[in-house]
Amino acid sequence: QVQLVESGGGLVQTGGSLRLACAASGRTFSSYAMGWFRQAPGKEREFVAAIGWTGASTYYADSVKGRFTISRDNAKNTVYLQMYSLKPEDTAVYYCAAPVSRSTTPQRMGTSDNYWGQGTQVTVSS
C-alpha cells in the first residue's frame, strides 16, 4: 500500500517562499518518478512538477517554471517542492503524486495513473 504524506503548507505573503515535503512509504521509493499537483477552488487539479527516480530529470508546468524547484532525497523517501516568488494564483491544495507504473517518466505524470496524498493547503495573500 503506497502512502504519501504531505507537509509544509501554510499562509504566505505574495513574493514569499514555502517548501513542501512528501514522505512516501509502501514500495521502493527510488524506483519511481514523483510529482506535485495542485487544485485551486473551483478548478480542476493541475500538474505542477515531476522528477525522475534519480533526480536528474525534472519537468515543470509553464506557470511555475523558474519559480518552483522539485527535488528528492531517496535516502529519506521524500520529495520536495521549493516554491519561490509565490503569487495569489498559486493558492491551492497541493498534492503529492506517485505513478502506479514504474515506467512513467516525469513528462508523462500529468496523464498517468497515480497514487495521491491527502494534500496540503497553500494560501498566498496579496
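Please read these numbers as outputs of a predicted model, since none were measured by experiment.
To the nearest 0.5 angstrom, Thr120 atom OG1 is 11.0 Å from Leu81 atom CG. Distance OG/Ser57 to CD1/Ile70: 10.0 Å, rounded to 0.5 Å. Atoms CE and OH, on Met83 and Tyr94 in that order, are 5.5 Å from each other to the nearest 0.5 Å. Taking OG1 of Thr58 as the start and NZ of Lys65 as the end, the distance is 9.5 Å to the nearest 0.5 Å. Here Ile51 contributes atom CD1 and Ser71 contributes atom OG; the two are 6.0 Å apart, rounded to the nearest 0.5 Å. Taking CD from Glu46 and OG from Ser63, the interatomic distance works out to 5.5 Å, rounded to the nearest 0.5 Å.
The side-chain contact (heavy atoms from CB on, under 4.5 Å) test with Leu86 singles out one residue from Thr91, Leu18, Thr14, and that residue is Leu18.
Here Arg19 pairs with Tyr80, Gln82 under the side chain to side chain contact (heavy atoms under 4.5 Å, CB included) rule; sequence neighbours left out.
More than 12 heavy atoms of other residues, nucleotides or ligands lie within 6.0 Å of CZ in Arg67, so this atom counts as buried by the packing criterion.
Side chain of Ser112 to main chain of Pro99: no donor-acceptor pair is present (N/O by atom type, distance under 3.5 Å, no hydrogens or angles). Remark: side-chain polar atoms of Asn114 are not paired, donor with acceptor, to backbone N or O of Trp116 under 3.5 angstrom. Under the 3.5 Å distance criterion, the side-chain polar atoms of Thr54 are matched with a main-chain donor or acceptor of Ala56.
Applying the ring pair (Phe, Tyr, Trp, His ring centres under 6.0 Å) test to pairs two or more places apart or on separate chains, those with a residue in residues 52-73 are Phe47-Tyr59.
Among all heavy-atom pairs drawn from Ser31 and Arg102, the shortest one is O-CG, 3.3 Å.
Cluster membership for Phe37 and Val2, using ILVMFWY side-chain heavy atoms within less than 4.5 angstrom, is not shared. Residue Val79 is not grouped with residue Tyr95 when hydrophobic side chains (ILVMFWY) are merged at heavy-atom distances under 4.5 angstrom, including chains of intermediate members. No chain of hydrophobic side-chain contacts below 4.5 Å, direct or via other Ile, Leu, Val, Met, Phe, Trp or Tyr residues, connects Val64 to Met109. Tyr115 and Val48 end up in the same hydrophobic cluster when Ile, Leu, Val, Met, Phe, Trp and Tyr side chains are linked at under 4.5 Å.
A heavy-atom distance below 4.5 Å is found between the side chains of Trp36 and Glu6. Taking 4.5 Å as the limit, some side-chain heavy atom of Ser125 sits within range of a side-chain heavy atom of Leu11. In this structure the side chain of Asn74 reaches within 4.5 angstrom of the side chain of Phe29, judged on heavy atoms. Contact annotation: the side chain of Arg72 never approaches that of Thr78 to less than 4.5 Å [non-hydrogen atoms, C-beta and beyond]. At a threshold of 4.5 Å between non-hydrogen side-chain atoms, the residues Asp90 and Arg38 count as touching. At a threshold of 4.5 Å between non-hydrogen side-chain atoms, the residues Met34 and Cys96 count as touching.
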(message) Under the criterion side-chain hydrogen bond (donor to acceptor under 3.5 Å, both in side chains), I'd like the reasoning laid out for Ser101 against Ser103: C-alpha separation, chi angles, the key distance, then a yes or no.
(response) CA-CA 5 Å; Ser101 173; Ser103 63; 2.8 Å; yes
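Side-chain polar atoms of Thr123 and Gln121 form a donor-acceptor pair below 3.5 angstrom.
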